[in-house]
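Input: a single structure, listed below in C-alpha cells.
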Amino acid sequence: NAGVTQTPKFQVLKTGQSMTLQCAQDMNHEYMSWYRQDPGMGLRLIHYSVGAGITDQGEVPNGYNVSRSTTEDFPLRLLSAAPSQTSVYFCASSARPGTVSNQPQHFGDGTRLSIL
Amino acid sequence: QQQVKQSPQSLIVQKGGISIINCAYENTAFDYFPWYQQFPGKGPALLIAIRPDVSEKKEGRFTISFNKSAKQFSLHIMDSQPGDSATYFCAARVSGNTGKLIFGQGTTLQVKP
C-alpha cells in the first residue's frame, strides 16, 4: 500500500517548456487535488477532482491543466512553464468529501520544480 | 485572498516547553479544521483535527482549542521535543462536498534540546 505517489521528485525546466507531473493513489479515494507550496504562502489549491471525469479549479489554476480519466491517477500539466511556477507541488487524496467521518487528505512527498 | 491566517511564522521553544500556534479564519463556511505536520522533504501529514461543534480536542501531547465565536483556533504542543521540530499548517475545509482545504501560511517550529 504505497498511498500517494508523485513523480518525478525533482525537475528543472526552461521557460516555455511543458511537462506533466504524475500523481497516483492506491487507496480508491474519490477526491484528489493538487497544491503548490511557496515560502510564506502555505499550500494553495490549484485544481481538484471529486471523481473520475470531474475536475474543477482551485485558488491558483492559471497555467495548469488537469484531467481525471481513472480513480487512481490525477496528472497535472504545465502548458508553458514560467519562472513564477517554480515551486513544490503536492498531490493529495481523500475519501469522498462530506462523509461523516471527516476523512483527512493524504499527501504525496512532492515534486520540486525549478523553471529557469 | 488568504482566508486562514496563521501566526507566528516561526517559533523557537526549549525542550519540555509549550509550543502554541494560532490561526484565525474569515467569513466562510468551514466544517472541519485539521492541523498538518510537515518534515523537510516530505508531504504534510495529518496531526490532529477538530469539528466546529467541539471546543477542545486532545491527542497525547497535542491539543486543539477552538473558539467559534472568535473564528480562531490554536494548536498547543505540551512537553515539546526536538522531534517535534517541523513546519505546522492549520487548515479549514470548505463546507459541502468539494473537500477543498484552505491552508494557513505555516509555522516553522524549532525545539532546542
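Letters A, B, ... are given to chains in the order of the sequence lines, protein chains preceding strands, and every chain is numbered from 1.
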Does B:Q9 have more than 12 heavy atoms from other residues, nucleotides or ligands lying within 6.0 Å of its CD?
no

Where does B:Q6 contact chain A at under 4.5 Å (heavy atoms): side chain, backbone, both or neither?
neither

Just do the side chain to side chain contact (heavy atoms under 4.5 Å, CB included) check on B:F103 and A:R44 with the steps written out, would you?
CA-CA 7 Å; B:F103 282 84; A:R44 292 180 292 167; over 6 Å; no

For a side chain to side chain contact (heavy atoms under 4.5 Å, CB included) check, start with the C-alpha distance between B:K100 and A:D56, then their side-chain angles and the critical distance, and finish with the verdict.
CA-CA 11 Å; B:K100 290 168 65 174; A:D56 206 345; over 6 Å; no

Does any part of the side chain of B:Q38, heavy atoms only, come nearer than 4.5 Å to the side chain of A:F90, both counted from C-beta?
yes

Check whether A:Q37 gets within reach of chain B through its side chain, its backbone, both or neither, counting any heavy atom under 4.5 Å.
side chain

With respect to chain A, which residue among B:A45, B:A49, B:G41 yields the maximal number of heavy-atom pairs within a distance under 4.5 Å?
B:G41

Check whether B:L11 and B:I20 end up in the same hydrophobic cluster, where Ile, Leu, Val, Met, Phe, Trp and Tyr are linked by side-chain heavy atoms less than 4.5 Å apart.
no

B:P34 versus chain A, heavy atoms under 4.5 Å apart: side chain, backbone, both or neither?
neither

Would you give the length of the straight line joining atom CG of A:L45 to atom OG1 of B:T98, rounded to the nearest 0.5 angstrom?
8.5 Å

Taking a hydrophobic cluster as the set of Ile, Leu, Val, Met, Phe, Trp and Tyr residues connected by side-chain heavy atoms closer than 4.5 Å, whether directly or through intermediates, do B:Y88 and B:I64 fall within one such cluster?
yes

Report yes or no: do B:V54 and B:F33 belong to one cluster of Ile/Leu/Val/Met/Phe/Trp/Tyr joined by side chain heavy-atom distances under 4.5 Å?
yes

Please say yes or no: joined through hydrophobic side-chain contacts below 4.5 Å, possibly via intermediate residues, are A:V60 and A:L78 part of one cluster?
yes

Does B:Y36 belong to the same Ile/Leu/Val/Met/Phe/Trp/Tyr cluster as A:Y48, with side-chain heavy atoms less than 4.5 Å apart forming each link?
yes

I'd like to know whether B:L46 forms a side chain to side chain contact (heavy atoms under 4.5 Å, CB included) with A:Q105, so could you lay out the CA-CA distance, the side-chain angles of the two residues, the decisive distance to 0.1 Å, and finally the verdict.
CA-CA 8 Å; B:L46 180 69; A:Q105 291 199 25; over 6 Å; no

What is the minimum heavy-atom distance between B:G43 and A:D109, and which atoms define it?
N-OD1, 3.2 Å

Approximate separation, where rounding is to 0.5 Å, of B:L101 CG and A:S94 OG
8.0 Å

